[in-house]
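Not measured: the values here are computed from a predicted model. In the text below, chain A, chain B and the rest are named by the order of the sequence lines, each starting its count at 1.
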Amino acid sequence: MTTLINQNPVIYEASAGNSTREWREDDENEDAVDVIDAQEIFDLIRSISDPEHPLSLEQLNVTQRDHITVSDEDDTILVEFTPTIPHCSMATLIGLCIRVRLLRCLPSRFKVDIAVRKGTHQSEHAVNKQLNDKERVAAALENSHLLEVVNQCLATATSGGVVANIVRGPAPAN
Amino acid sequence: MLWRQDQGGHKRTIRSVAWSPDGRQLATGSFDATTGIWERDEDESGDYECVATLEGHENETKSIAWSKSGALLATCSRDKSVWIWEVEEDNDFECLSVLQEHTQDVKMVAWHPNEELLASASYDDTIKIWRDDDDDWYCSDTLVGHESTVWAIDFSPSGDELVSASADETLKIWKRFVPGNALGIVTQRRGEPIWKCVATVVGKHERCIYSVSWSKVNGLIASSGADNTIRLFEVKDATAPVGTEGRLTAEQQKALNEPGVLFEADKVADVRKAHGTSDINSVAWYPNADHGDWLASGGDDGSVRIWRLEDDRGKLSKSQSQIEDCDDTTDDGMLLSRLKEL
């Protein structure tokens, strides 16, 4: 088996399955405009699988609800994520998975910016620049192999926080 | 529809299209790394057919451009290079130079309106000026100043100035100074002209600016981007008149190394939500005086829109021309009508 970039990821508890948003009166009002907030964005991305481990981005603390900023009035969203280690070469791929997930799920009016949390990655500027260059992203997604990898990570995205039974300790290396 | 994929066209996204100056050929630059040259089949179907395919780039072709005379074609790519091709008889294209001085993807190439001089814009945050010495092409100058990817560039009507649009949300105006220029700007050692930033338009776009067009007819600059807005600017040379002094003041000399002093750029008009909530990826002014007040824009909503600048220069408004399949939306006196999808 090839060596994993991060052999010993720290694993966090995922919140039990469902959205932790509290019930609001407008939830039952069909005419109310559905305001999109950080919780909703978090719910969309929390269960994306990490490319290397059978765990979700939430379980690895790569994504956190508090690192998402939404402005529903000017239709902007900023998602910051934290790679598990500073030289993580999967950072761009993880960012791309987040972008594709939001591209597919959100109304097109939103302008989405994705960035690594400041100070969490040694090539933070380069990673951020790629993730926010829509031409680079579009060209990358025309690569069928890369698209397949992204789709695999996104396959678990609707499972609400838990990708697999939480496994303590590293995966066995062969 | 001019052609379809099954007729031997491109295998991936077509990113850039350009008419040859004589209007007889259409060049198409594609993510499949090739550039197609198409001609209309006058005899038979009237359809366009691919008469040449230019290969060589290692990955996506981003932009292509014909020189003023139509004798040269430039292409650029994510592979960081700019290629110069010479147009020969019988649809033969000979590659004159492969220029590999950018350190990242080259987003766009644009020719000087009169001379055989090329500018390129790059993900490496710079713009390069290219000239030739008897078909031997070289980088004459590198314009540094933008803080992020330069997405687009265009020359002024005279070709002595250049406007650039960047992901750093600014536009910059650059001016060419030749050796021995009246203001005493020091040029480069080899006798090459030097390009200096003479104005920076800051705070007028709230997100990445994808496209810029400098009208060769009315001299206005149009810019558009991810903030859903098209803006028009008028640029004035605010340099103190070269008369008595003939030189810049010490302050002006110093300022030439800093953004925005010698030229003023004033906003003339804007259209917000020109394509609704969609990014506006390209703007282009009508190339000649036939319709010098027309501006075309293309957006992520999949539509192409034609705008007309009103005489009082306060607005971009509804076009008077007959266009099929009109989708009229009047939204505070702005736009316009929608062209049927090409």
Peer 1: State the CG-CG distance between B/Asn59 and A/Asn143, to the nearest 0.5 angstrom.
Peer 2: 11.5 Å

Peer 1: Is B/Arg207 salt-bridged to A/Asp113, going by a charged N under 4.0 Å from an acidic O?
Peer 2: yes

Peer 1: Taking 4.0 angstrom as the limit, do A/Asp133 and B/Arg78 come out as a salt bridge?
Peer 2: no

Peer 1: For A/Ala139, is there any backbone N or O sitting under 3.5 Å from a side-chain donor or acceptor partner on B/Arg12?
Peer 2: yes

Peer 1: Does some side-chain heavy atom of B/Asp300 sit less than 4.5 Å from a side-chain heavy atom of A/Lys134?
Peer 2: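 A/Lys134 vs B/Asp300: side chains touch.
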
Peer 1: Say you draw a straight line from CG of B/Asp227 to CG of A/Asp74; how long is it, rounded to the nearest 0.5 Å?
Peer 2: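 That separation rounds to 11.0 Å.
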
Peer 1: Rounded to the nearest 0.5 Å, how far apart are CD of B/Glu60 and CZ of A/Arg136?
Peer 2: 9.0 Å

Peer 1: Side-chain donor-acceptor pairs under 3.5 Å in residues 119-129 of chain A, sequence neighbours left out?
Peer 2:
| residue | atom | partner | partner atom | Å |
| --- | --- | --- | --- | --- |
| A/Thr120 | OG1 | A/Arg117 | O | 2.6 |
| A/His121 | ND1 | A/Ser123 | N | 2.9 |
| A/His121 | NE2 | A/Cys88 | O | 2.8 |
| A/Glu124 | OE1 | A/Gly119 | N | 2.8 |
| A/Asn128 | OD1 | A/Val116 | N | 2.9 |
| A/Asn128 | ND2 | A/Glu124 | O | 3.4 |
| A/Lys129 | NZ | B/Tyr123 | O | 2.5 |
| A/Lys129 | NZ | B/Asp125 | OD1 | 2.7 |

Peer 1: Answer whether the closest heavy-atom distance between the side chains of A/Glu135 and B/Tyr210 falls below 4.5 Å.
Peer 2: no

Peer 1: Is the backbone N or O of B/Ala226 less than 3.5 Å from a side-chain atom of A/Lys111, with the two atoms forming a donor-acceptor pair by type?
Peer 2: yes

